[in-house]
Every structure is written in structure tokens, then in C-alpha cells.
Chemist: 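Before anything else, here's the structure in question.
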2 protein chains.
Amino acid sequence: MSITENKNSPRIRRTPEESRANILSAAEDLLVEQGPQSLRLADVAKRAGVANATVLHHFGSIDAVQQALMERMIADLVENILSVEIPADAPLEVRTAGLKTLFDAFETRGAARLAAWLELTDETSRLTVVREVVQEVAQKKMGNAGVPADVAEDIILLSVTLAVGVGLFGPTLGRLIGKPPERARELTLQMLMANLERLSSDR
Amino acid sequence: MSITENKNSPRIRRTPEESRANILSAAEDLLVEQGPQSLRLADVAKRAGVANATVLHHFGSIDAVQQALMERMIADLVENILSVEIPADAPLEVRTAGLKTLFDAFETRGAARLAAWLELTDETSRLTVVREVVQEVAQKKMGNAGVPADVAEDIILLSVTLAVGVGLFGPTLGRLIGKPPERARELTLQMLMANLERLSSDR
DNA sequence: GGGGTTACTGACAAAAATGTCAATAACGGA
DNA sequence: TCCGTTATTGACATTTTTGTCAGTAACCCC
């Protein structure tokens, strides 16, 4: 019945870091599959294949699990975004690649759901890192392509905001009106790319 | 302390419809202000100024309250959208007005939060009305302006998806990177309007 | 292999949230 | 004014969820 372990199997003893990671991964799965209200102590523990008390041993409370999950998902997202290496030439391809990564992160990797979760639970104060990341990307990556910093920030603000909408609601709305689920992303990316030219060149 | 009634005041006896509306309004306030996890029986009842048992008398369960709230918010949103009357001339102004209404509904009237809530709780099956509304708008309102139905539906899909992103996350992200909270909406509307021309004319 | 550290666990306790019920009291109609 | 209906309610019961604790057992080091 369980994917992992049935009873009477010998105890698994992990390092604290491994154990925490295991539990957070289970929680992340639950969050993406069933939403935040499924992040209950018993559910998370069951999914992780450990006892309730084990979760509390490592985190102290179920609230702390949720907060740690937020932090980890934010860190993962930031790392994912920053990992995109962009050569300083081919300005159009450059932005296209960045946008693809961005939209992919938000649509298939749960970042849109993370954003919605943070917003609905009023936990956006955890996002202070975002400011630094945005500035870094605006300066280092887009600055190399000759885009002024404030314009670059506008482009990022626009792109991320739209990526949230597309990642969170695009597939559902597309299906609802009888279009393929990726239609909203296609339309959005098309429009964004068509307008980067206009935005970048001052305006 | 309470905005409405302190104890020992005479009982308020409402019609069932009034009572249900009162309770749902309280729940809606809580949803917008504090998120879905605050929709607890005791909290909703307290906010509505009634006893827990009263809520259960009218709805049967706290789950039913949440579902009724979803339905009511969806109905309100649909009515709000459909109330926009568009004369058949001035095609550009037309779409601008519609977009303004749409983005306003999603940003300031809680529709974006509703969408996020539905998505996170996997309750999007409640949105089947949306299909009809979209088709109606695409045909009656945009059809009058000479836009083919499938293109009109693409435009609506795009607009609504982006409105969710902007309404849900635009203000927060804007503030986070030191821009005015309405910046994301400005940029998005600008881009959308600049592209309606291109989209409408077949492509 | 003996012993100490500590991750792990089941059983239990506490707290929180939901739901039941009988009694009360507004309101409308006879 | 009296009465029946039923919206309303406090007190209580049930269920769900979280948290505590003392004992168990892997792993490492000597």
C-alpha cells in the first residue's frame, strides 16, 4: 500500500539534514498536489514515511514545517532563476531563454502555487530576497545586453507577474474554454517577446 | 469592541436569505483579509456577529459555507463582467473599458484571490459557468466589434490569465522591488492594449 | 563488542475545530 | 392578545489535529 515502507521494516536512521529534506519534500508534494490545507501533521508524516513525532522532533511544530517549506521553495526558485547563464550577445535569444526558464519554473515547478500560497497566507514578508535577486538580474544579466536598470526592473516585474498568472491559472482557464492548456502561455510569451523590443529601447 | 453588537442586546432575527448573506459577507471579508485558512466556523460566526450554531443552522457545515461563498463570488464576478455595456463603435475604447473593468474586478474585488483559492483547493470544477460567459462575451460584445470568435476567445483567455497574475501578485511584487504597487497593472494594460490591434487583425 | 549519542517511535495527553440538541425568543398571522 | 413557526443560542458532545514523553534502536567511536 505505501510506496515506500511497510511496517516492521527496520528503522531508517537519517542524518538530521536528510530527514528534514525528506519531510519537506513530502510536504512540497502535498502542497502541489492537494493545496496548503493538506499540510497537516499526520498527512505530511505519512507521506514522508515517518511517525508524527519524527516531524515534530525535527521541526518543533507543523507551522515551522510550513515556514521551512516556504523558505526552501523560495531558495530553490531563486537558484533556478539565477542558474540561467546568458551570453552577452544575441539580445533577443537572450531574453527568450530567460523567459522560458521563468515561465517553466512558475508553471511546472510549483512556483506559481508558492506565490499564491504566500499571498493568501500573508507571508510575503519572506520574499525580501526577491529584491536583491531582481536587482542582480537587472544589472548583471540584462545590463550586459545594454538595458537600463530601471527598464530592466520593469521588464522583470512584468514578466514575473504574468508568469504567476499563467502558471497558476492558465492551464485551468484554457481547459475551461476548450483550448489547450498551454495556450495561455503561448499567447503570453508571444506578446511579451513582441514587446521587449519596444520596452527595451527606452520608450 | 465588536463593530456590530455587544452581548445582552436583543436577538436579531433575519430572514434566512438575509442571514445567509450576512454570514457569507463575513466569510468573504475574512477570505480577502486573512486568507482561506481563516474560514473557520468560530471565526466566521464571530465576524458575522452570530453564534456558531447559527452558521450551522443555515449551511449545515463549514464546508458548505465555503462552497456557497465560492459560488456567490463567482456569480458576483460574472455579473460584474457582464454588466459592462459596450457600444458597437470605437473599437479601441471598447476594449479598453472592458479591460479596465476586468483588471479592477481581479485586483480590488478579490477575484484574483478567489481564483487562487479555487486553484489551490482543486475546486475549479465550479467554474463551468465561465465557459458560457466567455463565449457570450466573445460573440455578443466582441463579435459586434468585428472580431472573429476564436480570436476573441484567445484575447479573453489572455486577458483573464494576466488579470489573475496582476491582481494576485502585482502589488506585492511591485512593492518588493521598490516600485509603486500599481506599476505591474500599468505595464500589463499598456502591453495588452498595444497588442490588441495585432491580435484582432487575424495575425 | 561495548557504550554513548540521538534519530525514531507508539501511546498518550492537550488543544482546537466541528457539530448536536434542547431551550429561548422574535415575528407574523389568527 | 395569543399562538405557531422557526431563527437563534449556550451548553455540551464528538471529531480532528497537534503536541508530549519515555522508551527503543540505529550509528559512530573507542
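In this text, all values refer to a predicted model and were calculated from it rather than measured experimentally.
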Chemist: Whole-Å distance between dA13(D) C1' and Asn52(B) CG?
Modeler: 14 Å
Chemist: Could you tell me whether Arg11(B) contacts a base, only the sugar-phosphate backbone, or nothing, with contacts defined as non-hydrogen atoms closer than 4.0 Å?
Modeler: base
Chemist: Would you indicate, yes or no, if dT9(D) has its OP1 or OP2 atom less than 4.0 angstrom from a side-chain nitrogen or oxygen of Thr54(B)?
Modeler: yes
Chemist: Are the charged groups of Arg47(B) and Glu33(B) less than 4.0 angstrom apart, N to O?
Modeler: yes
Chemist: Would you kindly give the CG-to-C1' distance between Leu56(A) and dG10(C), to the nearest whole Å?
Modeler: 14 Å
Chemist: Measure from the side-chain N and O atoms of Glu119(B) to the backbone N and O of Thr124(B), and report whether any donor-acceptor pair falls under 3.5 Å.
Modeler: no
Chemist: Between His57(A) and dC8(C), is there a contact of a side-chain N or O with OP1 or OP2 at under 4.0 Å?
Modeler: no
Chemist: DNA chain D: Ser61(A) or Val50(B), which has the more 5' nearest nucleotide?
Modeler: Val50(B)
Chemist: Charged N to carboxylate O below 4.0 Å: is that the case for Glu28(B) and Arg72(B)?
Modeler: yes
Chemist: With heavy atoms under 4.0 Å as the rule, sort Thr15(A) into base, sugar-phosphate or nothing.
Modeler: nothing
Chemist: Rounded to whole Å, how long is the line connecting atom CD of Glu18(A) with atom P of dC27(D)?
Modeler: 11 Å
Chemist: Taking OP1 and OP2 of dC8(C), is either one under 4.0 Å from a side-chain nitrogen or oxygen of Ser19(A)?
Modeler: yes
Chemist: What's the CD1-P distance between Ile12(A) and dT9(C), to the nearest Å?
Modeler: 8 Å
Chemist: Between the base of dT8(D) and the side chain of Arg14(B), is there any donor-acceptor pair under 3.5 Å?
Modeler: no
Chemist: Please report the distance, rounded to the nearest Å, between CD1 in Ile23(B) and C1' in dT9(D).
Modeler: 13 Å
Chemist: For Arg13(A) and for Ala53(A), locate the closest nucleotide of DNA chain C by heavy-atom distance; then report the residue assigned to the nucleotide nearer the 5' terminus.
Modeler: Arg13(A)
Chemist: Mind checking the CG-CG spacing from Leu31(A) to Leu39(A)? Nearest 0.5 Å is all I need.
Modeler: 5.5 Å
Chemist: Rounded to whole Å, please give me the gap between CD1 in Ile62(A) and P in dT20(D).
Modeler: 13 Å
Chemist: Can you tell me whether the side chain of Arg40(A) and the base of dT18(D) have a donor-acceptor pair closer than 3.5 Å?
Modeler: no
Chemist: Side chains of Met70(B) and Thr121(B): does their closest heavy-atom pair fall under 4.5 Å?
Modeler: yes
Chemist: Given atom CZ of Phe59(B) and atom C1' of dT18(C), what is their separation to the nearest angstrom?
Modeler: 16 Å
Chemist: Check the distance between dA16(C)'s P and Lys46(B)'s NZ and give it to me in whole angstrom.
Modeler: 14 Å
Chemist: Using the side-chain heavy atoms of Pro16(B), tell me which of these nucleotides is nearest: dA7(C), dG19(D), dA7(D).
Modeler: dA7(D)
Chemist: Please confirm whether the shortest side-chain N or O distance from His58(B) to OP1 or OP2 of dT8(D) is below 4.0 Å.
Modeler: yes
